[in-house]
Amino acid sequence: MAKVDWPAADKRSLIGKHISRTDGPVKATGAAKYSYDINRPGMLWAKVVTSPHAHAEVVSIDTTAAAAIPGVEAVWHDETLKEVVYVGHIVAAVAARTEEIAQEAIRQVKVQYKVLPHQVVDNNPSLAAGNPAERKAGNVEEALSKADVVVSGEYGIPVITHCCLEAHGEVNEVKGDEMLVWPSTQAVSGYGNQNLAQGGGVAQNKIRVDCQHMGGGFGSKFNFELAPGAKPIAAILSKKTGKPVKLMLDRDLELAIAGNRPSAFAKIKVGASKDGTVTAFDAETWSTGGQGGAFNSGIMPYPLTKVPNVRIIGKRIITNRGGQRAWRAPNHPQACLLTMSALADTAAQLKMDELEFFLHNAALTDRPEVYREELRIAADMLGYKAKAHLRGDPKAGAGPVKRGIGIAIHTWGGLGHNSECDVTISGDGSVEAKIGTQDLGVGTRTCIAQVVGETLGLSLDGVKVEIGKNSPYPPSNGSGGSTTIGGISVSSRKAATDALNALLAVVAPKMGVAADALEAAEGKIRQIEKPHVAMSWNEACALLGKEQITKRGVNVPAESRTAKLIDANVGGVQMADVSVDIETGVVTLNEMVAVQDCGLIVNMKLCESQVYGALIMGVAYGLYEECIYDAKTGRMVNADMEFYRLAGLKDVGKLKVHLMTGPAYESRGIIGIGEPPAISPGAALSNAVANACGVRVPNLPLTPDRVIAALQKGGIA
Amino acid sequence: MKAFEYATPSTLDEATAQLASSWGETEVLAGGTDLVTALKQEITSPKRVVSLKNISALKGIKASANSVNVGAMTTLAELAADKAIKEHFPSLVTAVHNIGSQQIISVGTVGGDLCQRPRCWYFRNGYGILAKQGDASLVPDGDNRYHAIFGNDGPAKFVSASSLGPALIALGASIKVAGPKRKTRTVPAGEFFRAPKADNERETVLLPNEIVTDIQIPIRGLKNATYEVRHRFGLDWPYVAAAVAFQNKGGTVSDVRVVLGHVAPAPWASSGAAKALDGAKVDDVSAAKAGQAATQGAKPLSGNGYKVQMVRTAVKRAILAAAGAA
């Protein structure tokens, strides 16, 4: 009997290897179809009408003129909407024969507003509302009063947005009692929810979702809502017209309304003893997530869970900004920036080497030895010893360009989610794996083929993988929380193992041995003890005749964790080496290293790519990104790709990735990688800038204006 | 974008005849890298767009012993690759390369660079070139981090977006303009840009039915360079730009021009910086002095005081680069 346990390192043919994603060629050639590329016969184009006011009562909506335009087939407005609470709030939509007609029609929808006062400022704690969240441990006041050193600082990280390359949206086709929908989503099996069904007037089990490729979600694409709370507009318009409808957000709306990562600002006091041990952490934080939600500062001091004396007060500022959505490791990048800044400032105050400080305080984390090992590896990769200096040290550079290194550490869960997979083996030797999961561009498709191929002793192209559709594909959870790789790997492993065992039961009598004596390897079914006694895969499958073997594998997370197929909780260390031009305030990233553990790695190349991508995303929010709101008009003034800056290839410096391998890590099973490496970059960059130029630039992003302001305040520029 | 009539004249006469005599009724299309965005943003919705792509007279670069003549429809890539430009006007080459986007450099034109509209986010969000809500400018109390620190006491607070303007002014270029009925005029580059005083005015001295035809740059042996303070290496706008040009003979400099970009509604000629450098030997000290002088008269708004420091640095570094000392 083939077993479900992951094969030992010397037995792996596909798992753990550097393998390019199987859908690379169709993406590179443009053959891959994204939601925007889907065009259905007779399809209509939809556009949304949005509020120009940050806060207003909706007095009336007159759609007569819009509906009268030739080519306009349906106009919808939200009859339940009495109040708009941010600029860009969707109030109505039209569907027309061309995009141009739709664009013209939304101009003709007359909405009367009664403008109400608005509030978009989020960096002033006196604007906080409601009772703050509070978390206490030990006695922080006493510990601070007894500490050898107390360091106070204010830090902040602004609201940013996901900026998915592919905007939110879908093509929706309500056809009789069925709904066909081609969305850009992170949750293929969960997309067809009750609200969507209701919008299209179909039964929930009649929704057919198809998402083969998608261009980024990062936590913002779990359902049909173009903006948090938005109605199923494309479904409504398709139902109304009886025609397929394409509705995708334009770039400006994508940036302004499709979801925000909450800001986080804090006043922090750290108490430490002379040897660097952190004894107390006292923080007051404030944040906005728009109308609801905000940064959860309860996870600070992050990830130093064992600091004995802690007080965290978390305040929330309600703003007339677009709503919040999960952003790659919700709360963690903010908690990391705030905590790591305060810790590095403490090390600087103690005149203690930052690496020594973190090695020492790793004792206060849940996994001290992992962090220490990773810190040492990262230091070696960066050449830390030769480059490091204390903050304000002349070693930073004699001219206007100062160089420095910053460190940050992070953690994340990443336990594989609920997932089911069907593997079918046919008489002609073909193998098919079906899962109602999605590939966010990370290589999920490839990893399924690897796991099934590994299990059946086949090469990657011997396995056909079908994903991106809900029913009748077996259900698999949405891709959030770095849970997909664990989920799909176990479900596909189990399905393939069961299917193989069924095949071995058929083959064994023909080979004159018990099924237990057989294994699948190198495209053959062979005797374990006498590998030269073998039957080719195709010969073996031919014994099935017209029969097929289909087996379903199910991942039950807790059981799989006990069985060490998957696990949760990872540690990561990142170090940044930057140059700061103190005459211009310009920060340049020279090099960044990331050291990360994530259990057993399914695909080394794709796993590394995840980390590279996270670093690039992190450099973007560390150096460039922020949603800039104008207080008076309440508008996000940089809802474009011009002043909502992302990092380009030339901006990201040299990136180096090291993934922890070996029995101690691999025996834990598979753990997700998507989120953890996106947590530390901002903090590592901020600490590096402080180390380089001698002063803390308190707020991200580390733009020249902020650097100059900090230098001038510090008396340096 | 609203529907418009699209005209593709093949001569200048036809083109100017198709242009209206008031702004906004018609627009001129060159490379389109700015106009197409503006049409999509509906900050202009003309009845007719007049494309210049078929007018061969507007293309090409001609060099003589005394000057280089650049047709307005010359692309930025062609300008930066031209032998005479590279030999005599490195400040222009740097300005082009700094745009950072190969797509814009390949498609954008010299005339288009001079006539592009400002990037002020209030303007781009529909509040007009003077960024007004009601009668008041949104800029002084709003987010003005990218706005003007010079010349901002009038109604215009934005910064000129032209990449080539500062260098062309420093080099003493002149801009040839054609209007209806073959009327032409020549405008010194230093007089081409202006700060509008009303919403229906534009940022240059062009009349609504005039077209930039070519730019004449004198060859006078000036040392010249552009330095931009930029954060991103790819497509991005500089925070501050400085273009300088001067004679550097016998160890001292003369005929100095220092022109700043992205600090005022029009490229900002700093006579103070020029005076500070005039007659000096170029070194770190004299360049820094000129940089300091360039900041005289700056009136930062609430959020752009950092630009003063950048002006100081950009001018110093441009001078050192021009003298080959950087």
Side-chain angles (χ1 to χ4, degrees), chain A residues 52 87 99-101 103-104 107 120-121 250-252 256 399-400 581-589 619-620 623-624 626 628-653 701-712 716-717, chain B residues 1-3 34 37 40-42 45 100-101 119-127 131-134 136-146 161 227-240 284 288 291 300 302-317:
Chain A
V87 174
E99 190 174 8
E100 291 75 15
I101 296 172
Q103 191 67 47
E104 176 58 29
R107 282 187 212 108
V120 294
V121 178
D250 287 333
R251 178 55 56 185
D252 51 352
D581 185 334
I582 63 165
E583 290 185 349
T584 61
V586 171
V587 176
T588 310
L589 175 58
V619 173
L623 298 184
Y624 305 109
E626 58 182 314
I628 301 172
Y629 275 78
D630 175 63
K632 190 157 187 201
T633 59
R635 271 176 187 276
M636 178 178 167
V637 288
N638 65 335
D640 52 48
M641 298 298 283
E642 181 177 348
F643 291 116
Y644 189 90
R645 292 183 166 93
L646 297 179
L649 266 188
K650 287 183 183 169
D651 303 315
V652 296
L702 300 157
T703 51
D705 49 329
R706 288 184 175 86
V707 174
I708 287 175
L711 289 167
Q712 287 176 342
I716 291 168
Chain B
M1 190 187 295
K2 295 184 184 171
D34 181 31
T37 316
K40 284 187 177 172
Q41 292 171 326
E42 298 185 7
S45 295
S101 155
R119 310 312 301 181
C120 165
W121 45 36
Y122 294 105
F123 173 51
R124 297 283 165 175
N125 273 288
Y127 294 96
K132 286 197 319 201
Q133 192 180 45
S137 168
L138 288 163
V139 178
D141 298 325
D143 198 310
N144 48 42
R145 70 184 77 183
Y146 301 131
Y227 185 90
E228 295 184 355
V229 180
R230 319 168 45 75
H231 196 194
R232 282 196 306 193
F233 293 103
L235 171 62
D236 203 359
W237 300 100
Y239 284 79
V240 162
D284 286 354
S302 57
N304 62 7
Y306 70 91
K307 282 193 176 186
V308 175
Q309 168 61 24
M310 288 183 175
V311 165
R312 196 177 284 137
T313 306
V315 168
K316 177 178 80 174
R317 292 185 183 178

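Reminder, nothing fancy here: chain letters follow the sequence lines and each chain counts from 1.
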- Can you tell which part of B:R145 gets under 4.5 Å to a heavy atom of chain A, answering side chain, backbone, both or neither? side chain

- Item | Leading residue by heavy atom contact count with chain B [cutoff under 4.5 Å; candidates A:R635, A:E104, A:Q103, A:E100] | A:R635

- Task: Kindly write out the residues that satisfy salt bridge (Lys or Arg N to Asp or Glu O under 4.0 Å) with B:R124, not counting sequence neighbours, or none if the list is empty.
- Result: B:D34

- Honestly, the part of A:P52 sitting under 4.5 Å from a heavy atom of chain B is neither

- Message: Using heavy-atom distances under 4.5 Å, tell me whether A:L649 contacts chain B through its side chain, its backbone, both, or neither.
- Response: neither

- Task: Check each atom of A:R645 against the heavy atoms of chain B and say whether the ones under 4.5 Å are side chain, backbone, both or neither.
- Result: both

- Message: Is A:L702 close to chain B through its backbone or its side chain, or both, or neither, when contacts mean heavy atoms under 4.5 Å?
- Response: backbone

- Query: chain A: which of B:M310, B:R232, B:R312 shares the most heavy-atom pairs with it under 4.5 Å?
  - Reply: B:R232

- Item | Contact origin within A:D252 toward chain B - heavy atom pairs under 4.5 Å | neither

- Rounded to the nearest 0.5 Å, the NZ atom of B:K40 sits from the CZ atom of A:R251 at a distance of 12.0 Å

- Message: Test side chain to side chain contact (heavy atoms under 4.5 Å, CB included) on A:T584 and B:Y239; report intermediate values, then the result.
- Response: CA-CA 10 Å; A:T584 61; B:Y239 284 79; over 6 Å; no

- Message: For B:Q41, which atoms come within 4.5 Å of any heavy atom of chain A: side chain, backbone, both, or neither?
- Response: neither

- Can you measure from OH (B:Y306) to CZ (A:R706) and round to the nearest 0.5 angstrom? 10.0 Å

- Task: Say whether A:E642 and B:W121, considering side chains only, have a donor N or O and an acceptor N or O under 3.5 Å apart.
- Result: no

- Task: Could you tell me the separation between the OH atom of B:Y127 and the NZ atom of A:K632, rounded to the nearest 0.5 Å?
- Result: 10.0 Å

- Heavy-atom distances under 4.5 Å only: say whether B:D236 touches chain A with side chain, backbone, both or neither. side chain

- Mind checking what makes salt bridge (Lys or Arg N to Asp or Glu O under 4.0 Å) contact with A:E583, not counting sequence neighbours? B:K316, B:R317

- Note: vs chain B, highest number of non-hydrogen pairs under 4.5 angstrom among A:D640, A:D630, A:D250, A:V586 is A:D630

- Item | Among B:N125, B:D143, B:L235, residue most engaged with chain A (heavy-atom pairs, under 4.5 Å) | B:N125

- Message: Within this structure, what is the OH-CG distance for the pair B:Y146 and A:D705, rounded to the nearest 0.5 Å?
- Response: 6.5 Å

- Query: Should B:R119 and A:F643 count as side-chain neighbours, where that means a heavy-atom distance under 4.5 Å?
  - Reply: yes

- Message: Are B:Q133 and A:T633 packed together at the side-chain level, in the sense that at least one heavy-atom pair is separated by less than 4.5 angstrom?
- Response: yes

- Note on the structure: The interface call for A:T588 against chain B, heavy-atom contacts under 4.5 Å, is side chain

- Message: How long is the straight-line distance from NE2 of B:H231 back to OG1 of A:T703, given to the nearest 0.5 Å?
- Response: 6.5 Å

